[in-house]
Structures are given as structure tokens and as C-alpha cells.
Amino acid sequence: MCGIIAYIGEGNAVPVLIKGLKKLEYRGYDSAGICVVENKRLITVKRKGRIEHLEKHPGLKNINSSLGISHTRWATHGEPSEINAHPHLDCKGEIAIVHNGIIENHNSLKKLLEKEGHKIVSDTDSEVIAHLIEKFYSSSLENAVAEALKLIEGAYGLAVIQKDENKIVAARKGSPLILGIGKNEMLVASDIPAVLQYTRKVIYLNDNEIAVLTNNSYSVMKINGEKANKKIHKIKWSIEETEKKGFRHFMLKEIFEQPDSVKNLLRGRMKNNKIKLTLDMDVKKIKRIIITACGTSWHSALIGKHIIEDLTRIPVYVDYASELRYRNPVIKKGDVLIVISQSGETADTLAALKEIKSKKCKCIGIVNVVGSTIAREVDSGIYLHAGPEMGVASTKAFSSQVLALLLFALWIRQEKGYKIDDDLVRELKKIPEKINIIVKKSDRLRELAEKFKNSTNFLYLGRGINFPVALEGALKLKEISYIHAEGYPAAEMKHGPIALIDRNMPVVFLATKNNLSDKILSNMQEVKARKGRIIAVANEKNKEIEKLADYIIIVPETLNILSPILNIIPLQLLAYHIADLKGLNVDKPRNLAKSVTVE
Ligand code: M6R
């Protein structure tokens, strides 16, 4: 959940590290720090709070160093503070480390090290790593790191420097780490945007690999000492794609990008009513599909269940990855697992994937970040090609995930010999333009947000395929505006939650046309009768809806199976504007990080 960037080269390390940290801030932002080597001395500067705060630190002025490591933190062990911020140093102040992950046996390692005379000053789990490396250090940093890692249990992305050695040693187990291969400069980072300004050539480290980088060389070995042969990947994203392009926030930019991101998903995959996917499986053998994910990706999985069951009649089971991984699930012949993850690095999702894979189940990934750990672990998959998603609140990844699941279902139909419905294909092609119509209503949604920004609770209600949209709308609101919100199947209200309704309760209804429209109207009646304030997402202002709803957001009509992709857009915008009007940090909400690489 933290961000690491390290640099060695001919340039000045400090500005490279600061810029890189800013690109990684989405991974955590409660404290940050830098350590560089200058004249065979380690200089360490740390600060509580954001990177801008660190950048202004007088200790960083006039440093001339071409080797350094840095870190932006999302606290897991020990409160956000200067002392707990990384880099952490050994007792002599000669070795410095930055770490992302959790060292599970840090308590026992701490006891062992303290017995040997090491002084551990922070409350973090990470600091023991610096002391362990010190314990094993004689003349080679990589050997000392390798020895230290043998004692460590848990997850790590790690970068290490030593005052006399002109190199960076990096290691990975369970937490993402890439090497950026430049011209007379090398970088180590938790994610690609941090290195893009310097190089497009990257190497993905695998678990249990250790890399050694100098100005103009790199080598990678396995923890057991064997050489690892690594492929260099060329990154195609542009730097602009990772920037805000004039929008106030990444989240708003990413909401507005959805007409293009869904087009990118469809590109080359749908031609003349034929679906082209390269998935490694025999569809005739599929008896059951299990989908696992976390957060927003789990919501798209719930929609995927509706879509896949409807179009293929194959039963689908959806499970939170954090639950599935520990349940010893029953996996049978004919089962297929789909894992959904924007980042491809979510720890619980990855662990669930590994658990199911170990039971010899075929695994498919629906992932956005190319080359991410989940993308590399699955047997085959569908990349979203949505471009980098930087806002902590997931938006464009959601619409693309739903569309990817639809393509998957259509592909199964096709492989089973069924023709793909012309109406569906026609409507699919219109989706980008229909999203465009909705994002243009952003100002209208801001006016609505103004009316509701001081509410302390919200309910989101939907039915059928739009129930997960209600869940996702509520998640968007709570994570960025800190307003309590719940998503519910509309018909469940009378089994309890209706007791919450009074004139202060805004209730967002997903009331677009489908076979349950009349039922939704009855559910709206129930809320209206108790004086709830209704916001309806609907296809038209017909008399019945006008009678019941206080506010109506019109979205273009589409097929029910495609409606979640359109219906979520106004809910994303409503959440965005409420949070922005409340003056909150939309892209970096409190207590959250973009990529949850810890359990
Ligand atoms: O990268 P992933 O899709 O695996 O992430 C899963 C969740 O952590 C993520 O969707 C989270 O819920 C977002 N903050 C929601 O906006």
C-alpha cells in the first residue's frame, strides 16, 4: 500500500525521487521520506504528511547525489509520524531501506535483534529489515539482503542502499516492484507512472527475486542464488495519460474518459458480430464459474453474474476474495475462476487466485494494469485497456469491467455455436455516445450535489442487475465524501431499512426501464409515503416518476443488460461533486490507498 521509488544514474536523485513519489502518492500519503548517498554518507529526510511537505524540507536543498531511495507511506504498523516514515536505517546509519508490504514475524525478529544489541526506534514492522541486513553485512549488500530475506515472513517490495556501495538492491515477494531500465540511469518503483518520464523499458520483478542495479547495469537473481532471465517490456502509455489534463481531479477526468475507455475495451474484440478473445479454455467443459474480487471490482462481478447466467445459462458464484481465500472452497472439474482487479495487485484477490489455482482450476483475469502480478498469474485474460486509473475511487475501471464480462459471456455463446443478437451488438456500439450524453450533465449533477452535500446518510436502491449499481453508487459516495451510504435491493427495504426513512433521508433509486419497472415504482411509493427525498435515475420524465421523485436524472435508454454501464455514471458524478463541494481531497480520501497490496 506504500509507494517506493529509487534512483541511480548520472542525474540528481532528489528531483527524480520527489517527482516519482508524487506519481505514487495514490498508494499512500500519510508520511514520506528520502535517503540519498552523498560523499559516502547517508542523508535522510522524512516528514509526516504529503509529498509537497517533504519537498519543502530545507534538508533537501543543495543535495547533490546520484543514488537514493524514497517512500510514501500508508500506515499499517505504527501511526503516521516522522519516526515511522521510511526510509529506515540500521544502527550505524550506513544501510537504508524502503519497504512496501507487511513483515508478519517482525515481533520475533525484533526480539532477536534487540537481544543482539540492535536499537529499534520506530513502531513499524519494516525497520527490522534494515537491522537484519546490518547483521549479515560484510562486503556485499546483495548477499546481506538475501540472507536477511531468508528470515523474513510476509510480503515485501524492498529497495536498499549502503553508503559505500554504488548500487541499489531491490527485492520482491507479494508486493509489486518494477525496474526501469534507462540510459545511464536505473530506477526501481512500485508502479510504472513513477518511471515513465525517464524510461519506457521496464522489468517486472517476480516473487523471491533480487535485483542489483548500477548506473548502467542490472542483474536479477532468485533468492536461492540462481540467475533469473528477465524480459524487458516496452510501456505504451503516454505521460499525459497519467496526468490531469486540465480537470480539477483525476476522478473527474477518469469519469469523463469513459466514452473512450469503453471504446478501447471493444477495439479489435468485436467485429461483424464476432467476438475475438484469446482465452485458454474449452467452453464446452465449463460447468460453473466463480468470480472473485474486492470493492468496486466485486460489484462488477455481481453484475457479471447476471450477465453470464442470462446469456450462457452457466451458474455463476461471486465471492469476496478476502473470504474465498480462507474458506477452503470446493473446486470441481469444469469450474473456471474469473478474478477481477483494476490494479492487478490487490493482496486478497491475488491470494484467492493462488488458492484456487492450486486446486488446478482454470483462471481468467480481467485486469487493467498490464504486466501486473494478477495478470501474470492467470492462465489467460482480458485486459481492460482503460488507461491508468489514478483516483482512489474506481470509476472507468468499473464500466470497462462490466463490459469485459459481457464480452466474455458473448464469447461463450459464440463458442457454443449460438449467434450473437444483432440488437445487443447495435446497442453496444452506441454505449460510448450515450455515456457522453450523461457526462455532459455534470453541471446539473453539481447543482443536485449542492442540495444534498450536508446530508449525513444516503440510501441507494436498485433491483436485479441494477442492485450492484446501487452498492457501487453508495461505495463511491462514502469513500470520498465520508457520508454514510448503503446500497440495498429495493424490495428488501420493508424487511428493516425502511425504518430509517424520514424527511432527512435522500434515497437514490435506479429506476430505468426494465421488467421490474412497476415494482421499482411501488418501492418508490413506500419511500415517498414516509417522506423520504427521492432522486431517481430514469429514462424519461413520465407522470408516475414525476409524482414520486423530488429530482430526476435522465439517462439514455438502453438494453437492461447494458444499463449498469450507463446508470453508474450519474452516481459517480453525484459522489464526486458532493465530495468536492465539501472541500474534500477527492483523489486521495482519508484512510485509503489506490492499491491495497496488504491483507
Ligand atoms: O485494484 P482492484 O480492482 O483489485 O481494487 C479493489 C478495491 O480495492 C477497489 O475497487 C476499491 O474498492 C476502490 N477504492 C473503490 O473505488
Side-chain angles (χ1 to χ4, degrees), residues 1 26-29 74 174-176 190-193 249-252 254-255 258 261 291-304 318-325 337-354 365-378 381-384 386-402 404-405 460 468-469 471-482 485 487 568-569 571-576 579 584-599:
M1 283 298 254
Y26 71 87
R27 302 178 66 85
Y29 35 81
W74 185 85
S175 301
S190 303
D191 199 0
I192 293 160
H249 294 100
F250 279 115
M251 183 181 174
L252 191 61
E254 286 155 10
I255 293 172
Q258 289 175 98
S261 51
I291 316 183
T292 196
C294 302
T296 288
S297 301
W298 182 75
H299 294 154
S300 65
L302 293 175
I303 296 171
V318 177
D319 221 333
Y320 281 117
S322 53
E323 293 295 319
L324 185 65
R325 66 181 288 191
L337 176 79
I338 302 180
V339 275
I340 309 180
S341 174
Q342 186 288 127
S343 61
E345 301 294 351
T346 302
D348 281 325
T349 312
L350 179 59
L353 163 63
K354 285 184 175 165
I366 295 184
V367 174
N368 191 31
V369 178
V370 175
S372 55
T373 313
I374 292 174
R376 286 179 288 134
E377 281 282 334
V378 289
I382 307 174
Y383 275 127
L384 301 181
E389 193 181 65
M390 311 298 281
V392 165
S394 187
T395 51
K396 62 178 178 174
F398 176 79
S399 44
S400 292
Q401 286 164 349
V402 174
L405 287 157
Y460 286 74
V469 179
L471 292 176
E472 175 60 7
L475 176 63
K476 286 292 86 86
L477 185 71
K478 62 188 143 194
E479 71 180 324
I480 58 169
S481 75
Y482 319 145
I568 192 57
I569 315 281
L571 306 193
Q572 294 170 344
L573 283 166
L574 182 65
Y576 169 79
L584 298 170
N585 189 341
V586 175
D587 283 334
K588 298 188 181 83
R590 71 183 180 202
N591 307 340
L592 289 175
K594 179 68 182 161
S595 178
V596 186
T597 56
V598 291
E599 204 183 331

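Whatever order the structure lists ligands and atoms in, that order sets their numbers, starting from 1. Computed over heavy atoms, backbone and side chain alike; hydrogens, waters and symmetry mates excluded.
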In this structure, which one of H299, E254, Q342, E389 forms a side chain to side chain donor-acceptor pair (under 3.5 Å) with S394?
-> E389
Hey, is the main chain of [Y] close enough, under 3.5 Å, to the side chain of [X] for a donor-acceptor pair?
{"X": "N368", "Y": "G387", "result": "yes"}
{"X": "Y482", "Y": "R590", "result": "yes"}
{"X": "K594", "Y": "K588", "result": "no"}
{"X": "Q572", "Y": "I255", "result": "no"}
{"X": "T292", "Y": "D319", "result": "yes"}

What residue and heavy atom of the protein are closest to [atom], and at what distance?
{"atom": "atom 16 (O) of ligand 1", "answer": "E479 OE2, 2.5 Å"}
{"atom": "atom 6 (C) of ligand 1", "answer": "C294 O, 3.3 Å"}
{"atom": "atom 12 (O) of ligand 1", "answer": "G295 CA, 3.3 Å"}
{"atom": "atom 8 (O) of ligand 1", "answer": "V596 CG2, 3.8 Å"}
{"atom": "atom 4 (O) of ligand 1", "answer": "T346 OG1, 2.4 Å"}

What part of E345, side chain, backbone, both or neither, has a heavy atom within less than 4.0 angstrom of ligand 1?
-> neither
With heavy atoms of [X] as the reference, note each atom of ligand 1 found under 4.0 Å away.
{"X": "S343", "value": "1 (O), 2 (P), 4 (O)"}
{"X": "V392", "value": "13 (C), 14 (N), 16 (O)"}
{"X": "S394", "value": "15 (C), 16 (O)"}
{"X": "K476", "value": "15 (C), 16 (O)"}
{"X": "T296", "value": "10 (O), 12 (O), 15 (C), 16 (O)"}
{"X": "Q342", "value": "1 (O), 2 (P), 3 (O), 4 (O)"}
{"X": "A393", "value": "16 (O)"}

Parallel, tilted or perpendicular for Y576 and H249, by the 30°/60° rule?
-> perpendicular
Nearest neighbour of atom 3 (O) of ligand 1 from the list A575, S372, G344, S297, on a heavy-atom basis | S297
Is a side-chain donor-acceptor pair under 3.5 Å present for E345 with T373?
-> yes
Would you check if V596 and D348 make a side-chain contact, meaning some heavy-atom pair closer than 4.5 Å?
-> no
